[in-house]
Amino acid sequence: MSRPLTTVLDPGDRITAPPGRARASLIVAMLGFAVVTLDTQVVNVALPDISRDVGGSLSGLQWVVTAYTLMFSALLLFAGTFADRIGARRAYGIGMMIFVVASAACGLAPGLGFLVAARVLQGIGAALVTPTSLALIRAAYADSAARARAIALWAMGGSIAAAAGPVLGGALTQLDWRWIFLLNLPVGVVAVLVLRRAADSPRTVVPFDGIGQVTAVLALGALTFAVIEGGELGYGNPRILAAFALAVLAAAVFLIAQMRGRHPMVPLDLFRSRTVSVTLAVGFVNMAAFYGVVFLQSLYFQQQRGATPLLTGLLFLPMTGLVAGFNPLAARAANRFGAAATIIGGQLVMTAGLIGLVLLPAGTPVWLVAAVMVPVGVGGSFTVPPTTALILDSVPAERAGTASGVFNTFRQMGGSLGVAAYGAVVAGQATFRSGLHISLTATAILIVLTAAASLALRDGHR
């Protein structure tokens, strides 16, 4: 029997904290996830203006996006265990303060190098906020049905931010692109204030896995560098080959450290669960598709079709806006048809949208292009809440921070590598259009494969 996944929190739901503190935990979790999600979406429509102001080629613009998502993904592994060690509430507060300071630095950046460095710092803050937001929910709601409803609301907060991001980014860019970063300051301050009312979270004393964390950052950083810069320098360039070699070596050392270490950052026994393995793959590919589409379509609308930043944001609104609207329906669909069927259906809808974009002829009206993008967002909205609920239900409460860190690491890795790969493919093609089509086709094939793998979820969690 599938667990109920609705989006209304019942006063009678069993929780581990008093109702007021549980609600505060949920509010803080939603604000945190919303603001870090907003920052991934609000930047894309401002990229051409950023380039004109502080300079930068296509690879430079990719780094404005991926510097954030790279550190986000690389440190999520550490952030999950860090949250388990000192408590999710304290870890969240540290992360949000870092995020606010970094946002101010982004808004005041005098050049591209400074901006990319500030985006790295933002990614560190975001890495601490995301898994701790889920861990706060896990600590506040003991009942799985109540927790699933809270997670649906958490996901909806992120979806609303994703929907507002392109439009808000376009509107603020009309004034000055720097406002897209300064907007984070008041939201972050409110989150820190509400955090005082949030429920306490459990702590587990675990030694720091230094080798694992350093090699994780090296592997992801080297791989992302090789993919992005290889598009311009050529993949036979000695620097690119060295970066690929470093990525492979660091990844190998990371795996050895996790297998032999007494206190691994990523306990490999997590992957014995079929649910964990499949949901991680789904999360990775889903985010690669979504982030890649947003990145390339932002450039397409402005550089290929001459749209303004505000018009570009409005063209994204049907896709991103319906994500927020369909999240509650996704919860009901999972309740009625089961999580696996909902996840598979969402991925197939995304595939339809990607194929539709490939088949559109040149010169298609921009409003029709925007309409064909809708299934990409809607499909994602039917995928994220049930996969998140499944992976949290697969682990005990004391490992919630670690599990959510691993899950969100894979999602953000998909986002950063998706942007890197899309940009590299476009840079290596004669025309923007051919690069776009190759990227979308490859992503559609990957989503079909993960949809097939999701059939394994039908037999339960293990």
Side-chain angles (χ1 to χ4, degrees), residues 36-48 50-51 54-77 99 102-103 105-106 109 111-127 130 162 165-166 169 177 180-181 216-233 235 239-240 243-244 246-247 250-251 283-299 408-428 435-436 439 442-443:
V36 299
T37 302
L38 178 69
D39 224 62
T40 61
Q41 301 301 316
V42 76
V43 173
N44 285 284
V45 295
L47 291 176
I50 292 174
S51 178
V54 299
S57 61
L58 176 61
S59 64
L61 296 181
Q62 286 176 267
W63 280 115
V64 173
V65 177
T66 56
Y68 175 77
T69 55
L70 174 62
M71 292 308 298
F72 197 165
S73 59
L75 292 180
L76 275 172
L77 296 170
F99 187 84
S103 296
C106 288
L112 182 63
F114 190 98
L115 176 59
V116 170
R119 289 284 282 168
V120 169
L121 187 61
Q122 258 194 325
I124 294 173
T130 302
W177 62 265
I180 66 177
F181 297 110
V217 173
L218 281 175
L220 290 174
L223 178 59
T224 304
F225 174 85
V227 173
I228 289 178
E229 298 299 332
E232 291 197 0
L233 299 179
Y235 290 102
R239 292 172 58 192
I240 303 304
F244 275 124
L246 176 60
F284 181 94
V285 176
N286 179 279
M287 290 297 282
F290 190 81
Y291 277 35
V293 166
V294 171
F295 174 73
L296 285 188
Q297 292 296 117
S298 294
L299 297 177
N408 282 290
T409 292
F410 271 72
R411 293 183 70 233
Q412 293 304 320
M413 280 172 54
S416 58
L417 291 177
V419 170
Y422 276 39
V425 170
V426 168
L436 177 64
S439 300
T443 306

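Within the structure, every pair that satisfies the side-chain hydrogen bond (donor to acceptor under 3.5 Å, both in side chains) test and touches residues 221-231, not counting sequence neighbours, is listed here: W63-E229. Screening residues 408-427 for salt bridge (Lys or Arg N to Asp or Glu O under 4.0 Å) gives no qualifying pairs among residues at least two apart or on separate chains.
The heavy-atom pair separating I240 from Y235 by the smallest distance is CG2-CD2, 3.9 Å. The heavy-atom pair separating G169 from V45 by the smallest distance is C-CG2, 3.5 Å. The minimum heavy-atom distance between I180 and V43, with the atom names listed, is CD1-CA, 4.0 Å. Residue L218 comes nearest to A250 through the heavy atom pair CB-CB, 3.9 Å, listed as atom of the first residue, atom of the second, then distance.
Using cut-offs of 30° and 60° on the angle between ring planes, the pair F410 and F284 is perpendicular.
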Report, one line per pair, each donor and acceptor closer than 3.5 Å where one atom sits in a side chain of residues 289-298; sequence neighbours left out.
unit_1, atom_1, unit_2, atom_2, d
Y291, OH, T40, OG1, 3.4
S298, OG, V294, O, 2.7

Validation: residues 120-127 side-chain donor-acceptor distances under 3.5 Å, sequence neighbours left out:
unit_1, atom_1, unit_2, atom_2, d
Q122, OE1, R119, NH1, 2.9
Q122, NE2, D39, OD2, 2.8
Q122, NE2, S103, OG, 3.0

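Rounding to the nearest 0.5 Å places CG of L75 at 11.5 Å from OG1 of T130.
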side-chain contact (heavy atoms from CB on, under 4.5 Å) evaluation trace for L112 with V64: CA-CA 8 Å; L112 182 63; V64 173; 3.7 Å; yes
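Y422 pairs by the ring pair (Phe, Tyr, Trp, His ring centres under 6.0 Å) definition with nothing, not counting sequence neighbours. With sequence neighbours excluded, the residues forming a side-chain contact (heavy atoms from CB on, under 4.5 Å) with A243 are F225, A226, listed by chain and number. For A118, the side-chain contact (heavy atoms from CB on, under 4.5 Å) partners at least two apart in sequence or on another chain are A105, C106.
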